[in-house]
Each structure stands twice: as C-alpha cells, then as structure tokens.
Amino acid sequence: MKAERFVILVLLGVTLAAPLRAWSQPTPLSSPTGVAASETDFFKPLTVDQLDQFVDSVRSSVHLNTPKQHSSQAVDSTTSGLWAGSKTKVSSTLGDLKLTFRPKMQALLDLANAGDSTGSALLEKFEITVRAEPERLFVKHSDVLDRRDQSGFYARLDRLKGTTPLAFVGGQKQSGVYFAMPVPTEPENNWGLFVCPRHVGDIDIRGGTGIDLKPSSYELSEAVFTLYAEGSGIPATAGQRGRVKVQMFVADGLPQPKVPFDEAVSSMPSASIEYAPATTFDSFRFAPFNDVQQGIVTLVEMQNKAGYIRRQFFTHQRMIHKTDEPSPVSLVIKGHRVSNDIGECYIIIEQKYSWTTYDKQPPTF
C-alpha cells in the first residue's frame with residue numbers, strides 16, 4: 001500500500017523498557033488483619049467496573065477515573081489520631097512501557113499455505129513504546145509506513161478537553177495500529193491507552209465503501225518496563241518504644257527486591273528501604289493470557305506500645321487487558337470514516353493510589 005500519513009491527532013516521539021507477566025504466584029505476607037494472605041490480593045486483573053469505566057471514557061469522552069480495588073478502613077478520630085505526628089514518605093516511578101507484537105501462528109500458517117514459507121510478508125516483530133510523564137503521554141511505532149511518523153506522537157494529558165484523542169499510524173507489512181487516549185482526571189496517578197493493531201484492507205473512497213480495518217496478523221507477545229521505588233516511616237512514640245516496618249511487595253513478573261523490608265524497634269524508630277532489583281529487568285510473554293498486572297505495593301506499618309497498628313499501603317501498577325469486544329472508537333482516516341473495524345484491542349491502565357487499615361495485636365517488643 002502506498003505510504004500515507006494516517007494521523008488524527010499529532011502526539012510526539014518515545015523510547016522504552018520493564019516486565020509484565022500474567023498472574024502471580026502466591027507469596028506469604030501480612031494482611032490488614034494479620035492473617036496470612038497472598039500477593040495476588042495486591043495484583044489482580046482489571047475488574048468489570050474498571051473496564052466499563054475505561055470503555056465509557058473512550059466512547060463518551062468521559063474523564064478517566066479508574067475505580068480503586070482497595071479502600072481505606074473507616075475508623076473513629078481517636079484511632080486515627082493515635083498516629084498524629086508520624087511521618088510516612090513513599091515514592092515510585094514506572095519506566096517506559098515497551099509492547100512487542102509478533103505474527104500470529106495462524107497468520108504464518110496461512111502464508112505458508114499460500115507459498116510464503118518464510119513469512120516474509122510480515123515483520124518478525126514490531127514495537128509500540130509508551131512513555132508517561134506527569135503532563136504528557138508519548139507513543140511510538142517502531143516500523144511506521146510513513147517516515148514522517150518516525151518521531152512518534154504525544155498528547156498533553158493535562159490540557160485535553162472534549163472528545164477522546166485518536167490516532168492511526170500506518171505500519172510496514174500490515175502492522176498498522178490505532179490509539180485512543182481517554183482524558184484522565186489525574187494524569188500523574190491514573191492514565192490509560194487503547195491500542196488496536198489492524199490490517200488496512202480495502203480503501204474505496206470513490207466507491208463509497210470507505211476504509212476497511214481487518215484483524216491484525218500480529219498479537220501482543222511481550223511487555224517490559226522498569227521500576228524505581230523508595231519508602232520510609234517514622235512513628236511518633238511520645239518517648240515510648242514503638243515499631244515501624246517498611247516492606248515492598250513486587251509482582252512476580254518483575255525482579256524481586258534484594259532487600260524486601262526494613263524494621264526498627266526503639267523509642268525513636270525509623271525504617272527506610274529503596275527498591276534494588278535482585279536480577280535484571282526482562283520481558284515476559286503475554287500470549288496466550290488475556291490479562292497482565294505488574295507493579296509494586298509498599299507497606300508502611302507502625303505499632304505503638306499499646307498494640308495499636310496502622311498499615312499504609314501504596315500501590316503503583318500497570319494492567320493490560322486483551323479484548324475482542326466491538327471497539328468504542330469511531331475512526332476517521334484522512335477525512336473518511338472507517339466503514340468496518342474488526343479485531344483485538346488492548347486496554348492499558350496505569351494506576352497509583354494508597355489506602356490505610358488499622359489493627360490491634362499484642363506487641364512483641
């Protein structure tokens with residue numbers, strides 16, 4: 001197909017790399033009630049409510065505000081006031097997200113049956129790189145059809161208003177992709193991206209049939225991103241002995257921390273930890289899974305001499321969901337509406353928030 005610039009919104013360039021993987025293996029940890037739990041309590045697939053909110057945001061241009069899977073425990077002011085003067089500091093950053101698409105097995109088999117045993121009609125792979133900044137979201141296709149698209153695209157998330165921004169990028173050897181960027185309520189804490197690989201089929205503008213987007217010969221096979229996090233806690237003890245523990249729970253697909261926690265007991269306890277990966281970051285296969293959820297939860301737990309405990313959880317995660325539901329996007333390419341749009345899409349959501357729980361257990365110090 002002749003190289004053409006299919007762009008509806010001009011977005012700008014990118015780069016990337018950290019791992020995602022489907023479902024985590026259970027790892028013991030302390031639950032809000034002290035009962036043994038598993039890390040799958042922290043790293044769960046997107047819920048129906050979260051997916052519905054995302055789709056509504058794309059379709060109706062409603063601001064993205066992904067529902068939280070955890071909420072703070074409601075307590076009286078006396079209980080919460082026990083921790084007045086205590087200090088907690090947690091920060092985290094997720095690096096660029098790189099999505100690798102490879103040919104579907106069925107597509108390669110179809111080519112072989114048609115006489116192309118090497119699969120040369122398709123790319124070995126292509127990559128979509130996503131870089132999130134506090135005010136911008138960058139997207140880049142590794143093998144664009146038009147060199148003018150090589151620098152990528154960007155959207156100013158903090159300034160977007162009105163309809164959901166859309167962009168279609170023509171790719172080499174049937175690797176076209178379109179994107180939709182729901183406008184987030186809090187770009188620094190919650191953003192999303194709708195990614196749909198497509199093969200551009202018949203284009204008959206004069207005949208009135210419009211543009212036909214067919215299912216892609218490619219599927220998402222791998223995903224990778226890096227992670228940085230640190231946390232600290234200093235409880236106010238009024239001169240009595242107290243305990244503080246800072247612990248990091250990292251999803252199974254990411255490198256586990258060399259040192260997972262720091263704990264201190266004294267009349268002036270202080271604990272801090274910085275995430276240092278025990279192994280290098282690497283990508284993990286996505287297919288055939290429909291869901292991936294990766295990230296980190298940092299727990300700052302404080303206990304006073306009377307046994308009262310406050311647990312503060314800070315989560316920062318990326319989640320990917322594969323869907324073959326009808327697209328909520330109404331595309332227009334080069335001024336002409338898409339008449340047919342069939343294929344799989346991927347919902348990507350990054351979410352960052354915190355919640356607090358309370359407990360009371362006999363102190364061991």
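Counting begins at 1 with the first residue of the sequence. Model, not experiment: these values are computed from the prediction.
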Under 3.5 Å: donor-acceptor pair, side chain of Ser221, backbone of Arg285: no

Are Met268 and Met302 connected in the hydrophobic side-chain network, where two residues link if heavy atoms are under 4.5 Å apart? no

Do Phe179 and Val169 come close enough that some side-chain heavy atom pair is under 4.5 Å? yes

How long is the span from the CG atom in Asp212 to the CG atom in Asn340, to the nearest 0.5 Å? 4.5 Å

Where do Arg198 and Cys345 come nearest, in terms of heavy atoms and distance? NH2-SG, 3.3 Å

Looking just at side-chain N and O atoms, do Ser330 and Arg337 make a donor-acceptor pair shorter than 3.5 Å? yes

Under 4.5 Å between side-chain heavy atoms, hopping through other hydrophobics if needed: is there a path connecting Ile234 to Phe314? no

Side chain of Tyr218, backbone of Leu122: donor and acceptor closer than 3.5 Å? no

Evaluate the criterion side-chain contact (heavy atoms from CB on, under 4.5 Å) for residue pair Phe43 and Val297; output intermediate values, then yes/no. CA-CA 9 Å; Phe43 306 107; Val297 173; 4.2 Å; yes

Do side-chain atoms of Gln73 reach the backbone of Tyr358 as a donor and acceptor pair under 3.5 angstrom? yes

Got a donor-acceptor contact below 3.5 angstrom from the Ser339 side chain to the Ile211 backbone? yes

Identify the heavy atoms of Gly233 and Val244 that sit nearest to each other, and give their distance. O-CG2, 3.7 Å

Point-to-point distance, once rounded to the nearest 0.5 Å, from CG of Leu227 to OG1 of Thr93: 8.5 Å

Just by modelled atom types, is the Gly253 backbone N or O under 3.5 Å from a matching donor or acceptor in the Gln294 side chain? yes

Say whether, by atom type as modelled, one donor and one acceptor occur between the side chain of Ser232 and the main chain of Ser272 under 3.5 angstrom. no

Should the pair Phe286 and Tyr346 be assigned to parallel (<30°), tilted (30 to 60°) or perpendicular (>60°) ring geometry? perpendicular

Where does the angle between the aromatic ring planes of Phe313 and Trp355 fall among parallel (under 30°), tilted (30 to 60°) and perpendicular (over 60°)? parallel

Quick one about Ser217 and Gln174 (side-chain donor to acceptor, distance below 3.5 Å, no hydrogens or angles considered), yes or no? yes

Flag the pair Ile128 / His141 as yes when at least one side-chain heavy-atom distance between them is below 4.5 Å, and no otherwise. yes

Nearest-0.5 Å distance that lies between atom CD in Glu344 and atom SG in Cys196: 10.0 Å

Apply side-chain contact (heavy atoms from CB on, under 4.5 Å) to the pair Asn304 and Thr237, showing each step before the final yes or no. CA-CA 7 Å; Asn304 62 21; Thr237 62; over 6 Å; no

Within-4.5 Å side-chain heavy-atom neighbours: Arg243 and Pro363: no

Would you mind reporting whether Gln50 and Pro45 have side-chain heavy atoms less than 4.5 Å apart? no

Same apolar cluster: Phe101 and Ile342, side chain cutoff 4.5 Å: no

Does Lys89 come within less than 4.0 Å of Glu230, counting only side-chain N to carboxylate O? no

Partner of Trp191 under side-chain hydrogen bond (donor to acceptor under 3.5 Å, both in side chains), picked from Glu133, Glu350, Glu186, is Glu350

In terms of heavy-atom contacts, does OH of Tyr308 have more than 12 from other residues, nucleotides or ligands at under 6.0 Å? no

In terms of hydrophobic clustering (I, L, V, M, F, W, Y; side-chain heavy atoms under 4.5 Å; direct or indirect links), are Tyr228 and Leu299 co-clustered? no

Judged by atom type as modelled, is there a donor-acceptor pair below 3.5 Å linking the side chain of His70 to the main-chain atoms of Asp41? yes

Which heavy atom in Ile273 sits nearest to a heavy atom in Asp262, and how many Å separate them? CD1-N, 4.4 Å

Closest non-hydrogen atom pair between Met248 and Pro257, with its separation: O-CG, 4.3 Å

Arg311 side, atom CZ; Thr356 side, atom OG1 - distance, nearest 0.5 Å: 12.0 Å

Would you say that Lys125 contacts Arg102 through its side chain, given a criterion of any heavy-atom pair below 4.5 Å between the two side chains? yes

Has Asp143 got a side-chain atom pairing as donor or acceptor with Gln172's backbone, closer than 3.5 angstrom? no

Other than Phe261, which residues form its hydrophobic cluster under the rule that side-chain heavy atoms must be closer than 4.5 Å? none

Check whether any side-chain N or O of Thr279 sits under 3.5 Å from a backbone N or O of Pro255 as a donor-acceptor pair, and report yes or no. no

Could you go step by step and tell me if Val75 and Arg310 meet the side-chain contact (heavy atoms from CB on, under 4.5 Å) rule? CA-CA 11 Å; Val75 296; Arg310 183 183 71 177; over 6 Å; no

Check Ser61 against Thr164 and note the closest heavy-atom contact, atom names and distance. OG-N, 3.0 Å

Would you tell me whether Thr315 and Gln317 have side-chain atoms, one donor and one acceptor, within less than 3.5 Å of each other? yes

Let me see the working for Asp76 and Thr79 under side-chain contact (heavy atoms from CB on, under 4.5 Å), right down to the final yes or no. CA-CA 6 Å; Asp76 56 70; Thr79 300; 3.1 Å; yes

Under the criterion side-chain contact (heavy atoms from CB on, under 4.5 Å), which of Met319, Gln69, Gln53, Lys68 is the partner of Thr47? Gln69

Return the minimal non-hydrogen interatomic distance between Pro165 and Val183, and the atom names on each side. CD-CG2, 4.2 Å

Any side-chain donor-acceptor pair under 3.5 Å between Gln106 and Asp110? yes

Donor-acceptor pair, Thr185 side chain versus Leu64 backbone, under 3.5 Å? yes

With a 4.5 Å limit on heavy-atom distance, are the side chains of Val195 and Val130 in contact? no

Evaluate the side-chain proximity of Phe54 to Leu46: yes if any heavy-atom separation is below 4.5 Å, no if none is. no

Heavy-atom side-chain contact between Glu301 and Ile309 under 4.5 Å: yes

Check whether Val62 and Leu51 end up in the same hydrophobic cluster, where Ile, Leu, Val, Met, Phe, Trp and Tyr are linked by side-chain heavy atoms less than 4.5 Å apart. no

Can you tell me how far apart CD (Gln240) and OG (Ser267) are? Round to the nearest 0.5 Å. 10.0 Å

d(Glu274 CD, Ser91 OG) to nearest 0.5 Å is 8.5 Å

